Amino acid sequence: MRKKIVAGNWKMNKTVHEGIELAKIINRQAEENDVIVILCPPFPHLTEVAGTITKDSLFTGAQNCASEASGAYTGEVSAEMIHSAGAEYVIIGHSERRTYFNETDETLNKKVKLALANDLTPIFCCGEVLAERQAGKHMQIVKSQLEKGLFDLSPEDFGRIVIAYEPVWAIGTGVTATAEQAQEMHKMIREHIAEKYRNAVAGNTSILYGGSCKPSNAKELFSNPDVDGGLIGGASLSAADFIGIVNAF
Ligand code: PGA
């Protein structure tokens, strides 16, 4: 059975102190059930946020990792360091990284492999921009991102990946994909994984939706058969909103 997951991507928000306070409230309020909840704070917060967590269903993740293992790469943070800070997940290929930091499919593929080699679960992001959807190319774009980023992994390694479908036009815009648009894309992603790997691998892969997900629309999105949870940006900065989304399951 694939896992239900709600991950909060704090992006470049909150001081360490504010982050710990938020993590404490979420740790207190999160119910221990079958939903995996992941907090992805900025790097400087990781160790302390991980240390705040006492519930078995709560985990921490980083928002990015370096594409090299170690060495003279000033300003970079390696997968090994992230793991040593207590994190168990890492977001890879967020559209903001792809757009603002020119991360290519090839770079992301290297990051995925380093994450796996360091016992981190990659949350691999894919998604089209508005012009690509309007041109009817969204399925093709997402397929290509999956193929280039992930499809050279062994079935065993692929089995450790979490996918996040995030239509770029829905991120931080207040415009959410409709439940039908999300389900259509998630179903295509699962079928594409099944074609490359096996039905069992595809059936066990958690596919999260991201893009203006909030307590008011989470239930409708999560009730789709191929939507296994969410990657939450803005709404993860408020404990009440984030817990509201987790409780939408
Ligand atoms: P949003 O961001 O929820 O603020 O739209 C989602 C994301 O970027 O992961």
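The basis for the numbers below is simple: all heavy atoms, side chains too, and nothing from hydrogens, waters or symmetry mates. Atoms within each ligand, like the ligands themselves, are counted from 1 in listed order. Residues take their numbers from the sequence shown, with the count starting at 1. Since this is a predicted model, take the numbers as computed values, not measurements.
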- [ ] Determine, for Asp226 against Arg190, whether the closest basic-nitrogen to carboxylate-oxygen distance falls under 4.0 angstrom.
- [x] yes
protein heavy-atom neighbour closest to atom 7 (C) of ligand 1 works out as Glu166 OE2, 3.2 Å
protein heavy-atom neighbour closest to atom 4 (O) of ligand 1 works out as Gly234 N, 2.8 Å
Under 4.0 Å from one or more heavy atoms of Gly211, ligand 1 contributes atoms 5 (O)
message: Do Cys125 and Ile92 make a side-chain contact, defined as non-hydrogen atoms from C-beta onward lying under 4.5 Å apart?
response: no
Heavy atoms, side chains only, cut-off 4.5 Å: are Cys65 and Ile91 in contact?
no
**Message:** Whether Asp105 and Arg98 form a salt bridge (side-chain N of Lys/Arg under 4.0 Å from carboxylate O of Asp/Glu) is what I want to check.
**Reply:** yes
Atom 3 (O) of ligand 1 sits nearest the protein heavy atom Gly233 N, 2.9 Å
Would Lys11 count as being in polar contact with ligand 1, using the rule that some N or O on each side must be under 3.5 angstrom apart?
yes
One finds that the ligand 1 atoms under 4.0 Å from a non-hydrogen atom of Ala170 are 5 (O)
message = For ligand 1, which is the ligand I care about here, please tell me if Gly172 has any N or O atom under 3.5 Å from one of the ligand's N or O atoms.
response = yes
| said: A side-chain contact here means heavy atoms from C-beta on lying under 4.5 Å apart; do Ile163 and Thr205 qualify? | reply: yes
Atoms of ligand 1 under 4.0 Å from any heavy atom of Asn9, numbered from 1 in the order shown, are 9 (O)
| query | Would you call Glu96-Lys11 a salt bridge at under 4.0 Å N-O? | reply | yes
Ligand 1 to His94, heavy atom cutoff 4.0 Å, flagged ligand atoms 7 (C), 8 (O), 9 (O)
inquiry  = With respect to Ile171, determine whether any N or O atom, backbone or side chain, lies less than 3.5 Å from an N or O atom of ligand 1.
reply    = no
Worksheet item: Can you find a pair of side-chain heavy atoms, one from Leu208 and one from Val162, that are under 4.5 Å apart?
Response: yes
